[in-house]
Trainee: 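I have a structure I would like to understand better, so I am pasting it below and will then ask my questions one at a time.
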Amino acid sequence: MRPDEIDLDAGLVARLIAAQFPRWASLPVRRVASSGTENAMFRLGTNLVVRLPRYPGAVADVEHEQRWLPRLAPLLPVPVPEPVGRGVPGEGFPWPWSVLRWLDGRNPVAGAVKEPEALAEDLGAFVAALRRVDAAGPPGYRGGPLHTRDDSTRAAVAELGDRVDARAVTALWEEALRAPAHSGPPVWAHGDLMPGNVLVRDGLLSAVIDFGTAGTGDPAVDLIAAWYLLPAPARPAFRKAVGCDDAEWARGRGWALSIALVALPYYWETNPPVAATSRHVIAEILADAGRAD
């Protein structure tokens, strides 16, 4: 997906484990199928998972998660990854890496959620709980004002050409930019509540993973879950559980639209699952606004 991405395989992970965590050296290693774009995951035995950055831009997430996940976990209503080992460069791998507890569940499929109302309430409760965490944390990756994404969003629309309704999505983007900005103090947000970072069991939220983008700022970014994970009839339950006003909802929709538009041309060929999710989100937002054909 990127020119600076490195090759990773189970043999490398097994060598890293044997050299740095010999107590786990006898456990089998197998790659976890994933459409993730930042890290590669390898199942270690039945209860552990090894997570390694795939390119230089993801390296800082290792220390970020190692530091903040143990602090956030006790304050959240569902399990989040638990670091149990911190790896260092070795065996030809140039960066730090993590060993975490394995969390059971599966990723929901955008547009095909089994229990949308229940999932909406669970997601809302998670977002609300994260917002209540003491905000003495680092700025989130997506914690800044929405207008900081204006150039990249418009560039993506231009790159997509006739693959999207450029006039409609641009009008909706400009509408989001007109929403009042976040005027309160910085608030914790996950920043990446997409299908690949959410686990469900029996239709209910069972875990939230990948906190590399988590931090403080405008919490509207977590409202992207409404369009990335939920069908239209379930969105009011999510919004009620979170508790947000019209301005924040408009910014959240703007975040979802911008993220999907920017991702779509980048991953169109290199990551079809991410591209498909982006197309789904754009279609849902257009339908919300009554502008879908």
Side-chain angles (χ1 to χ4, degrees), residues 1-74 76 78-107 137-142 188 190-192 194-199 206-215 263 266-267 269-274:
M1 290 178 285
R2 297 178 178 86
D4 53 355
E5 188 171 321
I6 64 174
D7 292 328
L8 302 169
D9 58 36
L12 169 64
V13 175
R15 294 193 299 273
L16 284 167
I17 291 295
Q20 300 184 32
F21 300 101
R23 63 188 181 278
W24 296 324
S26 63
L27 297 177
V29 176
R30 64 183 187 278
R31 188 158 191 158
V32 177
S34 169
S35 60
T37 61
E38 304 289 308
N39 300 274
M41 295 189 297
F42 293 82
R43 190 86 178 261
L44 180 61
T46 57
N47 298 318
L48 300 171
V49 64
V50 179
R51 193 162 180 261
L52 306 96
R54 299 171 67 156
Y55 76 111
V59 173
D61 293 352
V62 176
E63 175 60 30
H64 182 75
E65 291 191 323
Q66 289 274 350
R67 179 180 180 184
W68 290 104
L69 278 169
R71 305 184 190 193
L72 295 173
L76 300 175
V78 296
V80 299
E82 177 190 351
V84 295
R86 183 183 311 201
V88 298
E91 306 301 316
F93 184 73
W95 305 312
W97 47 283
S98 294
V99 183
L100 308 114
R101 297 284 181 200
W102 175 259
L103 293 169
D104 283 326
R106 62 175 182 81
N107 298 127
Y141 173 70
R142 295 182 174 131
W188 269 94
H190 178 277
D192 205 21
M194 303 179 183
N197 296 330
V198 169
L199 298 178
S206 64
V208 176
I209 61 176
D210 193 346
F211 279 68
T213 59
Y266 191 90
Y267 294 115
E269 298 290 346
T270 60
N271 195 321
V274 171

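All values derive from a computational prediction rather than experimental measurement. Below, each value reflects all heavy atoms present in this structure, side chains not excepted, and no hydrogens, waters or symmetry copies.
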Trainee: Do Trp188 and Trp68 have side chains that get closer than 4.5 Å, going by heavy atoms?
Mentor: yes
Trainee: Distance from Ile17 atom CD1 to Leu12 atom CG, nearest 0.5 Å?
Mentor: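 Answer for the CD1-CG pair, Ile17 versus Leu12, is 10.0 Å.
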Trainee: Taking atom CH2 of Trp24 and atom CG of Leu16, what is their separation to the nearest 0.5 Å?
Mentor: 13.0 Å
Trainee: Where the side chain of Arg101 meets the backbone of Glu82, is there a donor-acceptor pair that is under 3.5 Å apart?
Mentor: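 Here the side-chain-to-backbone pair does not exist.
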Trainee: About how many Å separate CZ of Phe211 and CG of Leu72, when rounded to the nearest 0.5 Å?
Mentor: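 Here the interatomic distance stands at 6.5 Å.
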Trainee: Please work out whether the ring planes of Phe93 and Trp95 are parallel, tilted or perpendicular, with thresholds of 30° and 60°.
Mentor: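 The arrangement is perpendicular - the two ring planes meet at more than 60°.
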Trainee: List the steps, then state whether side-chain contact (heavy atoms from CB on, under 4.5 Å) holds for Leu44 with Phe21.
Mentor: CA-CA 12 Å; Leu44 180 61; Phe21 300 101; over 6 Å; no
Trainee: Among Glu65, Gln66, Arg86, which residue meets the side-chain contact (heavy atoms from CB on, under 4.5 Å) test with Ser98?
Mentor: Gln66
Trainee: Under the 3.5 angstrom rule, does the side chain of Thr213 hit a backbone N or O of His190 as a donor-acceptor pair?
Mentor: yes
Trainee: Judged by atom type as modelled, is there a donor-acceptor pair below 3.5 Å linking the side chain of Arg43 to the main-chain atoms of Thr46?
Mentor: yes
Trainee: In Å, rounded to the nearest 0.5 Å, how long is the span from CD of Glu5 to OG1 of Thr270?
Mentor: 9.0 Å
Trainee: Just wondering, are more than 12 heavy atoms of other shown residues or ligands nearer than 6.0 Å to CG in Asp104?
Mentor: yes
Trainee: Is there a donor-acceptor pair closer than 3.5 Å between any side-chain N or O of Arg51 and the backbone N or O of Asp210?
Mentor: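 Here the side-chain-to-backbone pair does not exist.
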Trainee: Does OH belonging to Tyr141 count more than 12 external heavy atoms closer than 6.0 Å?
Mentor: no
Trainee: Checking Asp192 side chain against Met194 main chain: does a donor-acceptor pair fall under 3.5 Å?
Mentor: no
Trainee: Verify, without hydrogens or angle tests, whether Asn107 (side chain) and Val198 (backbone) share a donor-acceptor contact under 3.5 angstrom.
Mentor: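 Yes, because the side chain of Asn107 sits within donor-acceptor range (under 3.5 Å) of the backbone of Val198.
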Trainee: Which distance, rounded to the nearest 0.5 Å, do you find between the OG1 of Thr37 and the OH of Tyr266?
Mentor: 8.5 Å
Trainee: A quick test of your reading: do over 12 heavy atoms of other residues, nucleotides or ligands sit less than 6.0 Å from CG of Asp9?
Mentor: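 Yes - once you tally the heavy atoms of other residues, nucleotides and ligands closer than 6.0 Å, there are more than 12.
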